[in-house]
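Working notes for the structure below.
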Amino acid sequence: MIPLSWYLIFAAALFSIGLFGVLSRKNAVAILMGVELMLNAVNVNLIAFWRYLSFETMAGQVFAVIVFAVAASEVAVGLALVISVYRRRQSIVADDINLLKY
Amino acid sequence: MMSPLQVIFILVSAITLGAALMVVTTRNMVRAALWLVLALFGVAILFVLLEAGFFAVAQVIIYIGAIAILMIFAIMLTRRIAQDPGPQINSTWPLAAVIALAIFGLIVLFIQGWDKTMSTPPALPDGFAPLSDLGVALVSANQYLIPFEVASILLLAALIGAIIIAWDRK
C-alpha cells in the first residue's frame, strides 16, 4: 500500500509549486491559478489524514468540503476583481495595479 | 518490489506535479489553464486512491467543470494580456523559487521527523459508507452544522459580491 508520507510529500511539492506561481507570476489570473494549486494540496492532505488517521470521524472530509466552498468563493471574487480592474485600467498585470500603494 | 497501487501513485503524482510546473511557467495563459485542468484531474485520481470517491467527483465537477472554465473565460475576456509578448514572470522569480524550495524542504524535514507516517491505511469495515456519514456530519447540530452554514453564507456572500464587483455601471 501507499505510505502516508508519500501523500504528504506530494502535497508539499504541489503547495510549493503553487506558492512559486503566486510569488512569481505577473498575470493576476495566473496568480489565482497558483492559489488553486495550493488549495488542492491542502485538500490532498486533509483527505489523506482522514483516510489514514481517523476515518471514523468525518472531520477531514468536512474540512475538505469547506475548502471546496472557499476555493469557489475565492475564484469567483478574484475573477470579478480581475474583470473590473481590466475594464478600468486595460491591464491585469499585478505590477500595474498599484493605486493603493501611494 | 512496488505494488501496482504504488506504481499508479508515482505515475499520477509525477504527471500532476509536471502539469503544475507547466501551470506556473507556461507563457501562454490559455495553455496554463489547460495544464491546470490536467493537474486537477491528477488530484482527483489521488482522491480515488484514498477511497474518497465523492471528492473525486466533486473535484471534477467543481474544480474542472466550474473553476477552470471560469478561469478560461476570464483569460479570454482579458485577451490582449494573454498574448502579451513580454515576460510573464517577475524579475524577482529566483527569490520566489528559493522561498518555495525552502518551504518544501521544511515540510519534508517535519514529515521525516514524524513517527505517525504509517505505511498502510487501516482497513475500512464492511458496510462503511463515508458519503452518508459525511452527509449526517454536515447537518448534525452536535457535529459540523455551524461550519457548514458558515461556509454556505461565505459562498453566498462571495457570489453576491462577485456580481456587484463585476457590474458595469456605465
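Both backbone and side-chain heavy atoms feed into the values below; hydrogens, waters and symmetry mates do not. Throughout, a chain's letter reflects where its sequence line sits, starting with A, and its residues are numbered from 1.
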Would B:F104 and A:F15 satisfy ring-ring contact (aromatic ring centres under 6.0 Å, His included), going step by step from the backbone distance to the final call?
CA-CA 8 Å; B:F104 176 66; A:F15 184 89; over 10 Å; no

Restricting to non-hydrogen atoms, name the atom on A:V44 and the atom on B:L50 that form the minimum distance, rounded to 0.1 Å.
O-CD1, 4.2 Å

Evaluate the side-chain proximity of B:T16 to A:F10: yes if any heavy-atom separation is below 4.5 Å, no if none is.
yes

Honestly, the part of B:F55 sitting under 4.5 Å from a heavy atom of chain A is both

Side chain, backbone, both or neither: which part of B:A58 has an atom under 4.5 Å from a heavy atom of chain A?
both

Approximate separation, where rounding is to 0.5 Å, of A:M33 CE and B:T26 OG1:
9.5 Å

Hey, quick one: are A:L19 and B:V98 part of the same hydrophobic cluster, counting side-chain heavy atoms closer than 4.5 Å, chains of contacts allowed?
no

Quick check: closest heavy atoms across A:V65 and B:F54, and the distance to 0.1 Å?
CG2-CE2, 4.5 Å

Is there side-chain contact between B:V43 and A:L14, with at least one heavy-atom pair below 4.5 Å?
yes

Out of A:N40, A:L37, A:L23, A:V75, which one racks up the most heavy-atom pairs below 4.5 Å with chain B?
A:N40

Heavy-atom pair count under 4.5 Å with chain B, highest-scoring of A:G78, A:A71, A:G34
A:A71

Greatest number of non-hydrogen atom pairs under 4.5 angstrom with chain A, of B:P4, B:A97, B:G161, falls to B:A97

Exercise: identify the closest heavy-atom pair between A:I9 and B:Q112:
CD1-NE2, 4.3 Å

Step-by-step side-chain hydrogen bond (donor to acceptor under 3.5 Å, both in side chains) determination, B:D133 to A:Q61:
CA-CA 10 Å; B:D133 283 4; A:Q61 290 211 357; over 6 Å; no

For the interface with chain A, which of B:L154, B:L17, B:L95, B:V136 has the highest count of heavy-atom pairs at distances below 4.5 Å?
B:L17

Taking B:V139 as the starting point, is it possible to reach B:L156 by hopping between hydrophobic residues whose side chains are less than 4.5 Å apart?
no

Considering only heavy atoms, which portion of B:I10 lies under 4.5 Å from any heavy atom of chain A: side chain, backbone, both, or neither?
side chain

Do B:T78 and A:N27 have side chains that approach each other closer than 4.5 Å (heavy atoms only, starting at C-beta)?
no

Is B:L159 close to chain A through its backbone or its side chain, or both, or neither, when contacts mean heavy atoms under 4.5 Å?
side chain

Using heavy-atom distances under 4.5 Å, tell me whether A:V85 contacts chain B through its side chain, its backbone, both, or neither.
neither

Max heavy-atom pairs within cutoff under 4.5 Å with chain B, candidates A:I47, A:I83, A:V29, A:L39, goes to A:I47

Heavy-atom distance under 4.5 Å to chain A: side chain of B:F47, backbone, both or neither?
side chain

Could you tell me whether a side-chain N or O of A:R51 sits under 3.5 Å from a main-chain N or O of B:L49, the two making a donor and an acceptor?
no

Which answer fits B:I107, side chain, backbone, both or neither, if we ask what part of it has an atom under 4.5 Å from a heavy atom of chain A?
side chain

Give, as side chain, backbone, both or neither, the part of B:L36 having an atom under 4.5 angstrom from any heavy atom of chain A.
side chain

Centroid-to-centroid, A:F68 to B:Y63, below 6.0 Å?
yes

Please classify the contact of A:W50 with chain B as side chain, backbone, both or neither, using a heavy-atom distance under 4.5 Å.
side chain

Quick one: pull up CD in B:Q59 and CG in A:N43 and give me the separation to the nearest 0.5 Å.
7.0 Å

Looking at every non-hydrogen atom in both residues, tell me the closest pair between B:A100 and A:F20 and how far apart they are.
CB-CB, 4.0 Å

Find the distance between CG (A:L79) and CG (B:L70) and round it off to the nearest 0.5 Å.
5.0 Å

Give, for atom CD1 of B:I99 and atom OG of A:S16, the distance between the pair rounded to the nearest 0.5 Å.
11.5 Å

A:A69 to B:A151 - nearest heavy-atom pair and separation:
CB-CB, 4.2 Å

Applying a strict 4.5 Å limit to non-hydrogen atoms, the region of B:A33 in contact with chain A is both

Quick one, A:W6 with B:Q6, criterion side-chain contact (heavy atoms from CB on, under 4.5 Å). Give me CA distance, side-chain angles, the key distance, then yes/no.
CA-CA 10 Å; A:W6 289 18; B:Q6 288 176 330; 3.8 Å; yes

How close do A:S73 and B:L155 get, counting heavy atoms only, and between which atoms?
OG-CD1, 3.4 Å

So for A:I31, is it side chain, backbone, both, or neither that comes closer than 4.5 Å to the heavy atoms of chain B?
neither

Hydrophobic clustering (ILVMFWY, side-chain heavy atoms < 4.5 Å, transitive) - are B:M29 and B:W93 grouped together?
yes

Determine the option with the most heavy-atom pairs under 4.5 angstrom with chain A, choosing from B:I67, B:V108, B:I163, B:I103.
B:I67

When you group the ILVMFWY residues by side-chain heavy-atom contacts below 4.5 Å and let the links chain together, are B:I111 and A:L53 in the same group?
yes

Please flag which part of B:I62 lies under 4.5 Å from any non-hydrogen atom of chain A: side chain, backbone, both or neither.
side chain

Interatomic distance, CE@A:M58 vs CG@B:L138, rounded to 0.5 Å, equals 10.0 Å

Chain A contact via B:A39 - which portion, at a heavy-atom distance below 4.5 Å
side chain

Most heavy-atom pairs under 4.5 Å with chain B, out of A:A80, A:S24, A:G21, belong to A:S24

The reported gap from CZ in B:F148 to CD1 in A:I66 (rounded to nearest 0.5 angstrom) is 9.0 Å

Quick one: do B:I15 and B:L5 end up in the same hydrophobic cluster if we chain Ile, Leu, Val, Met, Phe, Trp and Tyr together by side-chain heavy atoms under 4.5 Å apart?
yes

Give, as side chain, backbone, both or neither, the part of A:A59 having an atom under 4.5 angstrom from any heavy atom of chain B.
both

